[in-house]
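Letters A, B, ... mirror the listed sequences (proteins, then strands); counts begin at 1.
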There are 2 protein chains.
Amino acid sequence: MTRPPTSRDLARLAGVSQATVSRVLTNNPKVNPETRARVLQVLKDANYTPNALARAMKTGRTDTIGVFMTRVTSPFHAELLDEIGRVLSSVGLHMILWNIEHDPEETIADVLHQRLVDGFLLTSATYDSKLHTMALASGTPTVLLHRGIDGLDCDQVVGDNWQGAYDAGRYLVEAGHTDIGLVTLTHTGNTSRDRDLGFRAALTDAGVKIKPSNVVSVGVPHADGHAAARKLLSKRKPPTAIYTVTDLLAFGILDGARAIGANVPDDVWLIGYDNTELAAWESFDLTSVEQPVHAIVQTGIDLLRKRIAEPDRPTEIISLPCPLVIRGSTANTPWASAPRRTS
Amino acid sequence: MTRPPTSRDLARLAGVSQATVSRVLTNNPKVNPETRARVLQVLKDANYTPNALARAMKTGRTDTIGVFMTRVTSPFHAELLDEIGRVLSSVGLHMILWNIEHDPEETIADVLHQRLVDGFLLTSATYDSKLHTMALASGTPTVLLHRGIDGLDCDQVVGDNWQGAYDAGRYLVEAGHTDIGLVTLTHTGNTSRDRDLGFRAALTDAGVKIKPSNVVSVGVPHADGHAAARKLLSKRKPPTAIYTVTDLLAFGILDGARAIGANVPDDVWLIGYDNTELAAWESFDLTSVEQPVHAIVQTGIDLLRKRIAEPDRPTEIISLPCPLVIRGSTANTPWASAPRRTS
DNA sequence: GTATACAATGAATACGTATACACAGTGCTG
DNA sequence: CAGCACTGTGTATACGTATTCATTGTATAC
């Protein structure tokens, strides 16, 4: 096998013109059933597959979606990517993956103009990145997944972070906690912001104040979680519960707590966000607000396909509910009904 | 912006022929420096990027590599993918990602013939899959990463699993353990096999026998780890150390051990394989044989590029050393020097 | 001063497919 | 039997680029 056979080669073999072969390939109804059968047989015998490049050049569609992500070693991102792969494959689309941390900005800029893909999925939009602006300016259909940009005229599908955070806050308050720690990310994006604000709102609505000394903001989720835990738990009067905006951060906090001998949930309750697969592991057994990964991805890809088919349709911004999943990190310890700090 | 400008559009603007623009783009030396400068200016003003599809069709190169993987929610695979992305991007190549679990076999077969990519990286080759056979038959340059196939005439870059496992075994024996558990995968591949055989060899060389009742083989790494731990640790005389062929499996075992109140390392030592990032987390603090991910990926992609440039070069099979990384799961407990079982 | 090498460019073509257009054959209507 | 709609097929072209070939102009050698 030196060169893959072309449709012209097979046309000759089947005794028809290349156009007819092409018509068979595209299921064009204007072809005689007998001819179609004969051609199909020849194609099959030759194990023929149309050249995707030539086809894409002609039709303008590549059946490929570009995905921009950050590091997939973060468990949630891995789950997101996995789901994106599953859904794209189920609708016959390929995926080109770019990591916005590795890839130089020029590469990304080039890619946006190359028409190499039919559309983009951005999963890590941040306000300080030009990526979403560039993507939209390129004219290629684009959907923001998981992380949105407020007020941007672009299809977006996100979890309802405010609501999820609010539910987590209310849950803690209703369990009797009044001295609560909050660990957020120094990240610029509405995701962490809403996971912060929603939580505060729940406490405020319940008349619970959050001490400034109980709020820590960190940069690197897992690594900085250690320090955050140490800071909060080594206080003279440590909080009885800690809520944090990411599972990965919660794992770091748990690690940090263990390192200084603090027990979860006996000494302190812990809540994460994302409900990653790891949260269910015994070693963590973490109560967490679930992001509906499958729904987000499925909805987002549906939206992207609609926009590809109909570029001028109105923008949709969809927010999906995030249910709280309760596990052992907020187990029913004695002071849950009669919180320690009131004793 | 309705349609991206073509090289012909810009040629007209610059007052030259399309051929000259193309020569500038490909750094063809046969072009007058002044002309080149003028064309470059026009290209820059128009924010032009060549159409990747047309270029690929003409040159036969897509500057894209196809990567076949399994689920990236497995931490080691996520790290592998992340590294593949980093290295590919550093040499200016794009990545199309397929998941051999999601994607139907016909899709994969099609892809192999479409010439959509310049080469393939297979990271999850198994003996019972036809993937590597199909890839090689397609004539597209292919490199096996991480998991190899014995005797296959194909470039391969893997960790030296036998040696890594041997070192883990020797380490346990030298620490005084004589009653040792082994948890393997029911997986068909030389990776888990060598991680099994190398370990056994170390024990045999040291005159330590491994009880059949101390060997468990499981299917799903994390989930089945629980059961394996329960089985081994609830024996009347449980092993004093457990070695297992994957970190993910080790985490599952640790989870299972904790669930029944067994302490690592006080009750039992635990060793994993891969040295994933999670292994370093306090919650696991897992001794593990490291897979040199960066070296594997870098070497593999170098190899792939060489083969793309020179398809007929001899096949290389490269095996890289796997150092043992010692952590708290094999801490220096009392019975390390004087093993419990001899008491 | 003519012949020749060489540099720089334009014209033309090919990559493999999809599709607009032209055309032959067939069945139907008047 | 002429005219017409319709079906099935072939011919020709276009997608945007890279590259071969031909052409022009200029410099060098005899």
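Taken residue by residue, residues 57-66 of chain A places heavy atoms nearer than 4.0 Å to DNA chain D at A/M57, A/K58. Less than 4.0 Å separates DNA chain D from at least one heavy atom of each of the following residues of residues 29-48 of chain A: A/K30, A/V31, A/N32, A/T35.
Scanning all heavy atoms of the two residues, the minimum distance from A/M69 to A/T123 falls at CG-OG1, 3.4 Å. Considering every non-hydrogen atom in both B/L152 and B/H132, the closest pair reads CD2-CD2, 3.7 Å. Of all the heavy atoms in A/D110 and B/T49, the pair that sits closest is O-CG2, 3.8 Å.
The aromatic rings of B/W98 and A/H94 sit perpendicular, their planes meeting at an angle over 60°, well past the 30° parallel limit.
In this structure, B/K306 has no salt bridge (charged side-chain N to carboxylate O under 4.0 Å, His left out) partners at least two apart in sequence or on a different chain. Applying the ring-ring contact (aromatic ring centres under 6.0 Å, His included) rule to A/H146 yields the partners A/F76, A/H77; only residues at least two apart in sequence or on another chain are considered. For A/D302, there are no salt bridge (charged side-chain N to carboxylate O under 4.0 Å, His left out) partners two or more places apart in sequence or in a different chain. Shown here are the salt bridge (charged side-chain N to carboxylate O under 4.0 Å, His left out) partners of A/R12, two or more places apart in sequence or in another chain: there are none. Residues meeting the salt bridge (charged side-chain N to carboxylate O under 4.0 Å, His left out) test with B/D150, sequence neighbours left out: B/R193.
Residue pairs meeting the side chain to side chain donor-acceptor pair (under 3.5 Å) criterion with at least one partner in residues 307-318 of chain A, sequence neighbours excluded, are A/D153-A/T315, A/D155-A/R307, A/R313-A/E316. Screening residues 27-43 of chain B for side chain to side chain donor-acceptor pair (under 3.5 Å) gives B/Q41-B/D45 as the qualifying pairs, with residues at least two apart or on separate chains.
Comparing the end axes of the helix from C/dG1-D/dC30 to C/dG30-D/dC1, each fitted to five base pairs by superposing C1' atoms of four pairs onto the next four, gives an inter-axis angle of 70° (nearest 10 degrees).
Both A/R8 and B/T49 lie near DNA chain D, and the one whose nearest nucleotide falls closer to the 5' end is A/R8.
You can see that DNA chain D meets the heavy atoms of chain B within a 4.0 Å-exclusive cut from D/dG16 to D/dT20, reading 5' to 3'.
Atom CG in A/L53 sits about 11 Å away from atom C1' in C/dT17, given to the nearest Å.
A distance-only check finds a donor-acceptor pair linking the side chain of B/N161 to the backbone of B/G159 [under 3.5 Å]. At distances below 3.5 Å, at least one donor-acceptor pair connects side-chain atoms of A/T299 with backbone N or O atoms of A/A295. Of the possible donor and acceptor atoms, one in the side chain of A/T64 sits under 3.5 Å from a partner among the backbone N and O of A/T62.
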Summarise how protein sits on nucleotides 20-25 of chain C as a single string, 5' to 3': B when a protein heavy atom is under 4.0 Å from the base, S for sugar-phosphate-only contact, - for no contact.
B-----
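Side-chain contact check for A/V143 versus A/Q156: every heavy-atom pair is 4.5 Å or farther apart.
At a threshold of 4.0 angstrom between heavy atoms, the contacts of A/V21 with the nucleic acid are absent. The residue B/S22 sits close to a base: some heavy atom pair falls under 4.0 Å.
Considering only side-chain N and O atoms, A/S7 lies under 4.0 angstrom from the phosphate OP1 or OP2 of C/dT17.
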